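Structure, as structure tokens:
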Amino acid sequence: MSALDFAATVASRDVELAFTVNDGETLAIIGPNGSGKSTALGVIAGLVRATSGQVLLGGRDISGLPPHQRQIALLTQDPLLFPHLSALDNVAFGLRAKGVPRGLAREQSLRWLAEVGIEELAARKPNQLSGGQAQRVAVARALAATPNLLMLDEPMAALDVGVAPALRQMLRTVLANRTAIIVTHDVLDALVLADRVIVIEHGRITEQGPTAQVLSRPRSEFAARIAGLNLVAGRWLNGTVVHPDAILTGTTPEPILTPAASVVAVFAPTSVAVYPEAAHGSPRNTFAGTITEIEPFAGRVKVHSRVGALALSAEITPAAASELDLTPGATVYLSVKATEVTIFEAGSPAP
Amino acid sequence: MPDSANRNVMATNASLVKGVGFPRWLMVPAALGAAFVGLPLLAMVTRVDWGNFASLITSQAALDALWLSLRTSATSTMLCIIVGVPMAVVLARTQFPGQGLVRSLVLLPLVIPPVVSGIALLYTFGRRGLLGRTLEVLGVEIAFTSVAVVLAQTFVALPFLVISLEGALRTAGQQYEVVAATLGAPPTMVFRRITLPLVFPGVVSGAVLAFARCLGEFGATITFAGSLQGTTTTLPIQIYLERVSDPDAAVALSLVLVVVAVAVIGLAGHRRGAL
């Protein structure tokens with residue numbers, strides 16, 4: 001219905017990109033500052049003129065349309081609520097633009113405010129809202145305009161760390177089955193919200209694929225720097241993540257309510273300890289692995305290993321590495337504390 | 001809510017903050033400047049013949065002039081808003097070749113002597129002017145009528161509104177307009193529901209400046225519209241005429257003009273503070 005097919009060059013900013021977003025899919029775009037992420041969103045929204053290219057939305061060429069006819073909502077890190085309108089009238093703006101009568105528009109807007117959990121703030125002016133509340137209103141305003149494509153440009157970058165998780169959880173709900181693009185710096189956003197990730201560096205796509213694959217086995221330099229995380233995808237059973245080759249316990253920042261939900265356990269290679277024998281710690285979160293590769297990484301040593309079908313890596317000090325006498329093919333025991341493992345419900349529900 | 005509460009506390013505290021201070025010696029030239037503006041006003045007030053003040057300012061000629069000044073200034077300010085707001089939007093929101101030239105042209109009435117403006121208007125709308133002949137054929141005569149007063153005032157006051165509003169538009173930026181467009185609002189709706197409300201204080205302050213300039217207009221008016229009591233003799237012209245024949249009346253009327261101007265600025269300033 002509303003799949004996006006995008007290909008464009010913007011010569012003045014040395015950006016040349018082509019990608020698609022399937023109907024109902026959420027695509028995350030990650031990349032360094034100035035890599036062309038926001039330029040891509042600008043071209044799609046009709047705010048930046050492309051040197052050449054085409055934007056197809058739902059099979060229709062919208063390249064020549066002005067922004068207000070594109071049915072694409074754009075949410076930025078600054079909520080940009082219209083300062084002279086109440087929260088309710090902000091949300092109603094898109095409906096009024098469509099010609100919905102005032103009373104009906106307000107009624108529907110109230111429902112959207114309820115959807116993002118701040119119905120009681122409807123009468124507030126934007127300067128009476130906190131950053132997190134304002135961003136919720138902005139989300140409701142974007143959704144109320146019933147866009148065919150929702151674009152989020154670092155929607156949580158300006159928020160307090162304490163507020164971000166709740167907003168992320170809310171976005172997870174509203175983005176389900178919605179065609180959306182989220183530009184982000186935060187691996188968690190991609191992990192929780194996106195089905196697929198593309199990495200943009202210097203105006204070109206350097207990597208793309210399913211979220212878990214890009215974040216756990218990054219090939220591009222940028223993704224490796226911000227990600228390179230250990231990811232174990234499994235089912236949520238008895239408070240553990242169950243994978244055919246490993247069972248993990250960890251912490252859940254947001255409660256997981258669905259029984260047997262499809263979940264992802266995430267932990268950084270720096271929190272993985274490597275032992276020559278299986279004597280240490282609890283048997284849980286300890287895995288026997290085969291070393292596949294050893295490489296120096298940012299002044300430390302990165303140990304890549306295979307646990308059944310899982311690829312796990314550990315980052316240890318050079319001293320520890322020489323003490324362990326590591327060689328590819330050797331068997332080691334990898335261990336991670338439960339407090340270092342974060343468990344999320346996966347971005348897309350398992351089929 | 002805690003955020004906005006904090007912000008209010010901050011705002012309250014801001015008035016208590018001493019800041020980093022400023023060079024104390026700046027007070028001297030600043031005080032001199034204030035005295036330079038205030039003293040002549042004071043001097044004028046001391047010369048007012050308070051005994052006959054009421055009769056001086058209620059003479060038929062004085063009332064005619066005051067009424068004409070208020071009427072024409074209000075009309076001119078409306079005209080300035082009607083054409084000045086679109087001019088400011090075009091200058092602030094578009095880029096076209098020769099835009100700098102157009103902007104200079106719009107600002108020209110600020111820097112040329114009003115008498116010159118009057119002559120220019122005369123050769124445009126006067127009987128032998130560029131458009132005057134065509135207008136005469138149509139049976140319309142402008143020079144030396146109240147319409148000429150309005151045109152002269154509009155001509156000199158327009159730049160005040162355009163500059164002030166263009167600045168407000170540039171400061172406001174286009175970010176809210178962009179959001180409104182992505183929410184599906186066509187340009188006219190964006191202008192009406194977003195742009196105008198956001199720069200409304202700029203429109204008000206521009207209109208106040210323009211009104212004040214209209215009220216004080218003299219040179220262009222007397223050149224282009226002349227002086228006919230009740231038709232083209234505005235308050236400043238009346239004061240100029242009385243200056244020789246009846247200095248007491250001139251001083252009394254000057255005070256009236258000052259009071260009206262201060263009232264307008266005060267009223268608008270208050271509105272703006274409330275916004």
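Predicted model only: the values in this text are computed from it and were never measured. A, B, ... follow the sequence lines: proteins, then strands. Residue 1 opens every chain.
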According to ring-ring contact (aromatic ring centres under 6.0 Å, His included), who are the partners of B:F191, at least two apart in sequence or on a separate chain?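 Per chain and number, B:F191 pairs via ring-ring contact (aromatic ring centres under 6.0 Å, His included) with no residue.
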B:F125: which residues meet the ring-ring contact (aromatic ring centres under 6.0 Å, His included) condition with it, sequence neighbours left out?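 B:F125 satisfies ring-ring contact (aromatic ring centres under 6.0 Å, His included) with no other residue.
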For the atom pair CG (A:D153) and CG (A:D78), what is the distance rounded to the nearest 0.5 Å?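 Spacing of CG (A:D153) from CG (A:D78) equals 11.5 Å.
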If you round to the nearest 0.5 Å, how far is CD1 of A:I200 from OG1 of A:T39?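 The OG1 atom of A:T39 sits 9.0 Å away from the CD1 atom of A:I200.
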Which of the residues [options] is involved in the greatest number of heavy-atom pairs with chain B at under 4.5 angstrom?
options: A:P67, A:P83, A:G94, A:A45; value: A:P83
options: A:M151, A:R70, A:R141; value: A:R141
options: A:L85, A:T146, A:L80, A:L95; value: A:L80

Charged N to carboxylate O under 4.0 angstrom, B:E217 versus B:R213?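 Yes, this pair counts.
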Using distance only, find each side-chain donor-acceptor pair of residues 147-163 of chain B under 3.5 Å and give its atom names and separation, not counting sequence neighbours.
from, atom 1, to, atom 2, distance (Å)
B:Q153, OE1, B:T72, OG1, 3.4
B:Q153, OE1, B:S73, N, 3.4
B:Q153, OE1, B:S76, OG, 2.9
B:Q153, NE2, B:T72, OG1, 3.4
B:Q153, NE2, B:C214, O, 3.2
B:T154, OG1, B:V150, O, 2.7

Among side-chain atoms of A:D61 and A:S63, is any donor-acceptor pair under 3.5 angstrom?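 Judged by distance alone, the side chains do pair up.
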Regarding A:D23 and A:S2, do their side chains bring together a donor and an acceptor under 3.5 Å, going by distance alone?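 Present: a donor and an acceptor within the cut-off.
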Given heavy-atom pairs under 4.5 angstrom as the criterion, report whether the side chain, backbone, both or neither of A:L121 touches chain B.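 Interface part for A:L121: neither.
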So which part of A:I72 gets closer than 4.5 Å to some heavy atom of chain B, the side chain, the backbone, both or neither?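 Contact with chain B: backbone only.
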Counting only non-hydrogen atoms closer than 4.5 Å, can you tell me which residues of residues 171-184 of chain B sit against chain A?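 B:Q175, B:Y176, B:V178, B:V179, B:A180, B:A181, B:T182, B:L183, B:G184, listed by number.
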